Structure formats: structure tokens, C-alpha cells
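Letters A, B, ... mirror the listed sequences (proteins, then strands); counts begin at 1. Bear in mind the structure is a predicted one, so any value in this text is a computation, not a measurement.
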Protein chains: 2
Amino acid sequence: MPELPAFDVMTATCPSRTSLARVANKWTAMVVIALSADRMRFRDLRATVDGISSKVLTETLRDLERDGIVIRHVYAEVPPRVEYELTALGRTLHAPIHALGSWAEDHISEVLAARESYDARQCP
Amino acid sequence: MPELPAFDVMTATCPSRTSLARVANKWTAMVVIALSADRMRFRDLRATVDGISSKVLTETLRDLERDGIVIRHVYAEVPPRVEYELTALGRTLHAPIHALGSWAEDHISEVLAARESYDARQCP
DNA sequence: GGTGGCTGGTTACCGATGGTGAGTGTAGGG
DNA sequence: CCCTACACTCACCATCGGTAACCAGCCACC
């Protein structure tokens, strides 16, 4: 009865594909990494995730909230305070995404070397 | 002398950021997953990664080749034959990306449930 | 009561990016 | 002589991500 995964990210129409598309995204990755340490407010996230715009951060957070990965806490204060936090589901995403971020940092020298030799080969 | 990572994906200007952007991408993820099993030719990749266009597959593969993640084998035959294979560096990327793909497949039901309740809350 | 600041957005706009469909070059087969 | 197979490449749109500017609500200050 343990049916093998009826879900396959390789299939264009499979819902898991749209989920992969959301999760395999640089902004998603950085927001999840930032939130994995602690819940944060909007402006701190914006500062931590260097280079993200308000609009894109808003959209990213709303999509993540819709998918049940982050939760939004609104405090009726002045000035307004809104905090974002990973849900239990979001915390399960931390390991894979953190691994990806670490990969980028750990292997950047190899990537840069590969680029250099590729570019040298292309335009002699 | 083992300096701690001078690289930080959270910094917009850090090279590792551009690397993360390439690697945290749905097409990249699917191509790497497809190639992790075995080297493949172009048309088989196109068939495996359901929904990708020739143009986008070509671009993705060229970027991955430039970053030293895949290697291109060209056979001077007619009709032409080109095979793509993960490099050693590419194979180190398999685990993180595969984890992400599995996450998407494993948690899709929770994601779909979250979406449903979110959408119900938004427009009653 | 006007001004400015704080916060978490929203909006208009615009260039980049993804996607489509058609075309290209080569050689063997019919 | 033409058709097919394969791996692209190109011209063309549609869509999307990104930027900059603005907004709402409340307070403190003048």
C-alpha cells in the first residue's frame, strides 16, 4: 500500500513541480536561510537579504506564507510591527536550502576557475 | 591560515551570490537531477525535463558548463550526437539539489493544504 | 495644524527572461 | 531528389522580476 511517489517534479503538470519552482529560487533560499536563525521583522529581513527590494521581499514572503512555509505575526502598534517566522514545515526546508547555500560558498573558487577557463576557451 | 569563509551568499556583490542564483533555479535543479543518474544526450534531457524548451535547455546547459558543473561531449556524427555529463563538481551538487527535489515531492500535500486554507482566508 | 519620521507596504513602469515556432546544416536512406 | 534525425539558433512575444517613487497611519515636535 505504500504507493511510490505519485508526485514527480519532472512532470510539468505535477503540483510538486510548482512547489520546486518556488523553493528552487534564490530569494526564497536567502529568506529561508535568514529566518532559520530567528523570526525577523520586515525591515531586518530587507537588510539581511542584501539587495532585495521591498516589492520582491513582500511577494516572496506572501508566496511562502501561502505555501505554509512562513507565518506572519502582525502587531497592532505604531509604528507597525510585522514579524516573519518559519513554520514547522518551513523548518524542514532549512536543511536542503542551507546545504545549497553552503555549496555556493564552499565551491565558489572552483566555479570561478571553471568560468575563467571556459571564457578563455571561447574568445582566444 | 584557514580563513573562515570570506564568502557570504547574503552579500549582493559576493560571487557566491551569483553562484547561488544559478544553482537555486528550477531548471538547473531538474537538469542536475536528470543527469545525476547518467550522462544524457540533448533530446533525452529535453524529454526527461518535461516542459523545457530547446532554447532554455541550451542556455541552462551552457551556463552549467561554464560553471564547471556539466561537461559536453560532442561526437562528430550525422545526425549529431552531444552528451552531457555531471563533472566531479557537479556531482557534489547532486545531494543538495536532490534533497530539494525530494522535499518538493514529499511535502507537496502540506503545501497544497496550506494554499487551500490561505486562499479560503483571503476571499471568503 | 503642518511637518517630518517611522514602518510595511503598493504602484507604475521597464528591461530582462522565459517560451514559441520556424529555420539551419549535414549525411544517409528511400 | 527529397525526407528524416538531431542539436541547435533566431525572430518574435508574453510574462516576470526588479527599481524607484509614492502611500497610510500614527506619533512627536514646532
Salt-bridge criterion met for B:Asp8 and B:Arg17 (N-O under 4.0 Å): no

What is the distance, rounded to the nearest whole Å, between atom CD of A:Glu59 and atom C1' of D:dT15? 13 Å

Sequence neighbours excluded, the answer for side chain to side chain donor-acceptor pair (under 3.5 Å) partners of A:His94 is A:Ser36

Does B:Val74 share a hydrophobic cluster with B:Val78, counting links as ILVMFWY side-chain heavy atoms below 4.5 Å and allowing steps through other members? no

Does D:dC16 have OP1 or OP2 sitting under 4.0 Å from an N or O in the side chain of A:Trp27? no

Under the ring-ring contact (aromatic ring centres under 6.0 Å, His included) definition, can you give me all pairs with a residue in residues 72-93 of chain A, not counting sequence neighbours? none

Expressed as a whole number of angstroms, how long is the span from B:Leu57:CG to D:dC6:C1'? 13 Å

So, taking the atom named OG in A:Ser109 and the one named CZ in B:Phe7, what distance separates them when rounded to the nearest 0.5 Å? 7.0 Å

Spacing between B:Lys26 atom NZ and D:dG17 atom C1', to the nearest angstrom: 13 Å

For the pair made of CD in A:Glu77 and P in D:dC27, what is the distance, rounded to whole Å? 12 Å

Side chains of residues 20-33 of chain A: which donor-acceptor partners sit under 3.5 Å, not counting sequence neighbours?
{"residue": "A:Asn25", "atom": "OD1", "partner": "A:Trp27", "partner atom": "N", "Å": "2.7"}
{"residue": "A:Asn25", "atom": "OD1", "partner": "A:Thr28", "partner atom": "N", "Å": "3.0"}
{"residue": "A:Thr28", "atom": "OG1", "partner": "A:Arg22", "partner atom": "O", "Å": "2.8"}

Enumerate the protein-to-nucleotides 4-10 of chain C contacts in which both atoms are nitrogen or oxygen and the separation is below 3.5 Å.
{"residue": "C:dT7", "atom": "OP2", "partner": "A:Arg43", "partner atom": "NE", "Å": "3.2"}
{"residue": "C:dT7", "atom": "O3'", "partner": "A:Arg41", "partner atom": "NH2", "Å": "3.3"}
{"residue": "C:dT7", "atom": "O3'", "partner": "A:Pro80", "partner atom": "O", "Å": "2.9"}
{"residue": "C:dG8", "atom": "OP1", "partner": "A:Arg41", "partner atom": "NE", "Å": "3.3"}
{"residue": "C:dG8", "atom": "OP1", "partner": "A:Arg41", "partner atom": "NH2", "Å": "3.1"}
{"residue": "C:dG8", "atom": "OP1", "partner": "A:Val82", "partner atom": "N", "Å": "3.2"}
{"residue": "C:dG8", "atom": "OP2", "partner": "A:Arg43", "partner atom": "N", "Å": "3.3"}
{"residue": "C:dG9", "atom": "OP1", "partner": "A:Arg72", "partner atom": "NH1", "Å": "2.7"}
{"residue": "C:dG9", "atom": "OP2", "partner": "A:Arg72", "partner atom": "NH1", "Å": "3.1"}
{"residue": "C:dG9", "atom": "OP2", "partner": "A:Tyr84", "partner atom": "OH", "Å": "2.6"}
{"residue": "C:dT10", "atom": "OP2", "partner": "A:Arg62", "partner atom": "NH2", "Å": "3.1"}

Rounded to whole Å, the CZ-C1' distance (A:Arg46 to D:dT19) equals 10 Å

Separation of D:dG18 atom P from B:Arg17 atom CZ, nearest Å, is 10 Å

Is there a path from B:Leu35 to B:Ile71 through hydrophobic residues (I, L, V, M, F, W, Y) whose side chains come within less than 4.5 Å of each other? no

Terminal axes of the helix from C:dG1-D:dC30 to C:dG30-D:dC1 (5 end pairs apiece), angle rounded to 10 degrees, sit apart by 30°

Kindly state each residue pair satisfying salt bridge (Lys or Arg N to Asp or Glu O under 4.0 Å) with at least one member in residues 84-96 of chain A, sequence neighbours excluded. A:Arg39-A:Glu85

